[in-house]
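All of these numbers come straight from a predicted model, not from anything done at the bench.
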Amino acid sequence: MMRGTLVKFADGESLRIATIPFTDEGFAIARSLDELAKVEGGNAKRMKALLDVCFEAVRLNYPHISRKELSQKLDLESAYAVIAALKARNA
C-alpha cells in the first residue's frame, strides 16, 4: 500500500504523494525545494523548478511516470498541492 496524501491533478487523475523520506531521494528533493525557493529570473524558470520538484516527488510512488507525462497533468494549483503533500501539510 502506498503512503502519502492523495493529490488531484489538472487532468482529473489523483496520485498519492509521499512525504519527504530520510533517504538519498528525500535529500535530493529537499535540495530541489531549496533551489525552488531561490529561483530568480522569471516565471519560466520558476515553473521549470516546480516541475523538477514535482517530478522527483511523484516518482517516489510512481517511478514509471515520465517528465512529459507529469507535465501534462500539472497546473500551478496541483504543483503547489504536491509540495504541500511533500512537506506533510494539508494540500
Open item on the list: Would you compute the distance between atom OG of Ser32 and atom CZ of Phe27 and round it to the nearest 0.5 angstrom?
Closed with: 13.5 Å
Task: Min side-chain heavy-atom separation Phe55-Val82 under 4.5 Å - done: no
TODO: Nearest 0.5 Å please: distance from the CD1 atom of Ile17 over to the SG atom of Cys54.
DONE: 8.0 Å
Open item on the list: In the structure I gave you, are the side-chain heavy atoms of Leu60 and Glu25 within less than 4.5 Å of one another anywhere?
Closed with: yes
Task: Met47 with Val39, same ILVMFWY side-chain cluster at under 4.5 Å - done: no
Open item on the list: For the backbone of Arg3 and the side chain of Asn61, can you confirm whether one donor and one acceptor N or O come within less than 3.5 Å of each other?
Closed with: yes
TODO: To the nearest 0.5 angstrom, please state how far the CD1 atom of Ile65 sits from the CZ atom of Arg59.
DONE: 9.0 Å
Open item on the list: Once salt bridge (Lys or Arg N to Asp or Glu O under 4.0 Å) is applied, what residue pairs with a partner in residues 45-56 remain, sequence neighbours excluded?
Closed with: Lys48-Asp52, Asp52-Arg67
Task: Asp24, CG atom: more than 12 neighbouring heavy atoms under 6.0 Å - done: no
Task: Qualifying salt bridge (Lys or Arg N to Asp or Glu O under 4.0 Å) pairs with a residue from residues 12-22, counting only residues at least two apart or across chains - done: Glu13-Lys73
Task: Atom pair CG/CG of Asn43 and Leu50 - distance to nearest 0.5 Å - done: 10.0 Å
TODO: Determine, stepwise, if the pair Leu33 / Ile20 fulfils side chain to side chain contact (heavy atoms under 4.5 Å, CB included).
DONE: CA-CA 11 Å; Leu33 285 167; Ile20 300 172; 3.6 Å; yes
- [ ] Please lay out, stage by stage, how Leu86 and Thr19 fare under the test side chain to side chain contact (heavy atoms under 4.5 Å, CB included).
- [x] CA-CA 4 Å; Leu86 275 172; Thr19 57; over 6 Å; no
Open item on the list: So for atom CD, which belongs to Glu77, do other residues, nucleotides or ligands contribute more than 12 heavy atoms lying within a distance under 6.0 Å?
Closed with: no
Open item on the list: What verdict does the side chain to side chain contact (heavy atoms under 4.5 Å, CB included) test give for Phe9 and Val58, after you've listed the backbone C-alpha separation in whole Å, the side-chain angles of each residue and the deciding distance to 0.1 Å?
Closed with: CA-CA 11 Å; Phe9 285 77; Val58 169; 4.1 Å; yes
Open item on the list: To check you understand the geometry: which heavy-atom pair defines the closest contact between Ser78 and Ala10, and what is its length?
Closed with: OG-N, 4.0 Å
Open item on the list: Looking at every non-hydrogen atom in both residues, tell me the closest pair between Ala49 and Leu36 and how far apart they are.
Closed with: CB-CD1, 3.6 Å
TODO: Starting at OG1 of Thr5, measure out to CG of Leu15 and round the result to the nearest 0.5 Å.
DONE: 12.5 Å
Open item on the list: To the nearest 0.5 Å, what is the distance between NZ on Lys68 and CG on Leu51?
Closed with: 12.5 Å
